[in-house]
Enquirer: 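Take a look at this one; I'll ask things after.
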Protein chains: 2
Amino acid sequence: MSISERKKKILGALVDEYIKTAEPVGSKAIASISGLGCSSATIRNELAELTALGYLEQPHTSAGRIPTPAGYRMYVNELMEKQKLSLEEAEDINRRLNEKLTQLDEQMRDVGKLASQLTDYPALALAAYAPATIKRFDLIYIDANTFIIVVMLSNNTVKNKLVNLPVSVDQQMIQKLATLFNANFTGISSDKITPLLISSTERAAGDTMGLAAVIASFTMETLESQQGVEAYITGENRLLSQPEFRDPDKAHKLMNYLSDGGHIIADAENGLFDDESEVRVLIGPENIAEELKDSSVVIASYDMGDNTKGLIGVVGPTRMDYSAVAAKLSFLAAGLSKRLGAGAAPPSGMHNKLIIKGDDIIDEQ
Amino acid sequence: MSISERKKKILGALVDEYIKTAEPVGSKAIASISGLGCSSATIRNELAELTALGYLEQPHTSAGRIPTPAGYRMYVNELMEKQKLSLEEAEDINRRLNEKLTQLDEQMRDVGKLASQLTDYPALALAAYAPATIKRFDLIYIDANTFIIVVMLSNNTVKNKLVNLPVSVDQQMIQKLATLFNANFTGISSDKITPLLISSTERAAGDTMGLAAVIASFTMETLESQQGVEAYITGENRLLSQPEFRDPDKAHKLMNYLSDGGHIIADAENGLFDDESEVRVLIGPENIAEELKDSSVVIASYDMGDNTKGLIGVVGPTRMDYSAVAAKLSFLAAGLSKRLGAGAAPPSGMHNKLIIKGDDIIDEQ
DNA sequence: ATTAGCACTCGAAGGCTAAGAGTGCCAACA
DNA sequence: TGTTGGCACTCTTAGCCTTCGAGTGCTAAT
């Protein structure tokens, strides 16, 4: 079902204006800003039809119109000008990204923070880790009561743990255990680590102190923490600057929902990771979660490398500046993919300050 | 300046009631709940005097009284019944603590979250790390382009980093570097790591690829991230359930302040870490930060071991349930000190589920 | 010193009105 | 047929007034 060109222009102008002001928009306002050379009466007729079609609604009879979710959807799909970032904005993002590439989990938090700062909405950062296995064990002998476990995972992250023992061990035992673990515990998933396997390793090493159990339990912990979905939310406080959240109850409800990343994860698993499109917009009732039914979510996905997929998104009122938000997230995601993704230069200690400049994203004027 | 016993009882009853209801308390209400056998008129006289003394104030002439900061201060110092936790509450906290002892930084977040959940106020977790040095380097050779740096710090934390090289190295070089770093980079603070030291190490190792620089820069990063003060804030959203923050502007201001941990740190450095008392209460204007002038902060400090001090606190309206909050934080801090502090069993992979049961904290009825 | 009584104050809540914004519709017009 | 000016109508918002009630401070009696 398509609508006339003029209706589209009117709808577009109305949404733009509403995004700016957060106030219902009247026919006169549209007449003056839309640039169509027609009077407010004409606009009124059009508005009446757009309302009948379900794109607009009136809070009450004598107020202006505001977009319905269907109206926003139309706006996002067809009307919205794909906004491009200015060169300064793009450079700013690049600069900040280059500062921030550290640990993976730290990173997610940082990236979320960055998204939130850029858009002035609360941001969520999700990562879906593919199940990993251990690639390699090292045990570093420190002294008779202390050693360090270092494991390298199939996704190239490295984890360690300092172990303090109430009893003493010798370096040989540590060495033997390292060899055994490298032989028996690499390449397997955490559910393959059975009590049987552990006890047989203990016996093989001549370990009577439960060392193998300690190492095995750290291994399982590590493997388990590496798979599944993780979520960070930042900048919840920015919600409060939005007029639609002046009602403390509304704000409270949404913030409660957001503050527990677990909910997001549960919802995310229902399909958020499936779709491959670059930036997705979920408007109001399109969201699965009850608490988000009158908010909107904009999400961009990126490749974190090692079969891991990241999502970076923001949450805001349905009256959201979709165009600006989508542009920023898209650029951010592209930057992250290039830096982390499969095709990227391997993460290294060297400084690699590649500057990303996709012409489709940056406005080079 | 001391006040009569009866005035104290009245003040105490009033504060209790106000904490419960968040509404100004009138003379009649006090007469009926205080248990003093006197009429509301008598109470009124006393209230007038308490008001003159600066402990109470009236929002307007014909409303009941609410406590001033001075009133709360008096309440906290002298009147408040030191609340004890029930056995269930104590056990609940212990159980949760035992689940949560993981990485130090992770831990702080978790502990903050726990405090926030327990008290239903936003929580802040601060740690003041004593400057650390590197105790030991290990470099694990993986393949020609990859090795892992593992450093053990003087405070017994272990950090690692996977390094991917664009060029290839042999195992000998790695070994040589490890030896050199153990000789030259252990026991020194990060400002001792000079370009000169790095270049001389490079020369000594015959390293022409800047490997030493990579390792050194990781070392500096690690050392720097280990000292200073760190802060996490959680549960900001809980503010919104407090009636005094129904005003979105007020809530927004405070949440903005809280959400940037940096501010807290700056303020914290002005003395928060000095005082040795177990639980401190900062009421309204007693706070340094402008943004906290009409909120209260309750803080408990604990020993994180290795010369590191932790603070765990909550932020809420001046009308805060000081007694309950203080009891919970105190118990939490004690539990953390026992688990982490100087006297604690060394952190180990073994499960050490000691149960803490200070009679001064738990109510054993 | 305590208490009952009473006049007084002041905010909260409800009802009313006026102002203003925006609509829908109609009749006139191109 | 599409567009436009005009106009009556609707509905919200803000302001004002009144009423109601809670709680006070004061006074006089005990």
Enquirer: May I ask you to evaluate whether B:S39 reaches the phosphate of C:dT2, defined as a side-chain N or O under 4.0 Å from OP1 or OP2?
Expert: no
Enquirer: For B:L36 and C:dA1, give me the distance from atom CG to atom P, rounded to whole Å.
Expert: 17 Å
Enquirer: With a 4.0 Å cut-off, would you call A:R246 and B:D249 a salt bridge?
Expert: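 B:D249 and A:R246: salt-bridged.
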Enquirer: Roughly, in whole Å, what's the span from CD in A:E49 to P in D:dT1?
Expert: 14 Å
Enquirer: Can you measure B:E46 atom CD to C:dT3 atom C1' for me and round it to whole angstrom units?
Expert: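 Rounded to the whole Å, the gap is 13 Å.
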Enquirer: Would you kindly give the CZ-to-C1' distance between A:R6 and D:dG2, to the nearest whole Å?
Expert: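 Rounded to whole Å, this separation is 8 Å.
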Enquirer: Tell me: CD1 of B:I10 to C1' of C:dA1, nearest whole Å?
Expert: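 Whole-Å distance recorded here is 13 Å.
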Enquirer: Just say parallel, tilted or perpendicular for the rings of B:Y72 and B:Y18, cut-offs at 30° and 60°.
Expert: tilted
Enquirer: Please encode protein proximity along nucleotides 9-28 of chain C as a string of B, S and -, counting only heavy-atom distances under 4.0 Å.
Expert: BBS---------BSBBB---
Enquirer: For the pair made of CD in A:E23 and C1' in D:dT12, what is the distance, rounded to whole Å?
Expert: 12 Å
Enquirer: For the pair B:E244 and B:R319, find out whether any cationic side-chain nitrogen is under 4.0 Å from an anionic carboxylate oxygen.
Expert: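 Yes, B:E244 and B:R319 are salt-bridged.
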Enquirer: I'd like to know if the side chain of B:Y322 reaches the main chain of B:T318, judged simply by a donor and an acceptor atom lying under 3.5 Å from each other, with no hydrogens or angles considered.
Expert: yes
Enquirer: Answer yes or no: is there a donor N or O on one side and an acceptor on the other, between the side chain of B:K293 and the main chain of B:N287, under 3.5 Å?
Expert: yes
Enquirer: Do the side chains of A:E57 and A:R65 get close enough for a salt bridge, i.e. N-O under 4.0 angstrom?
Expert: no
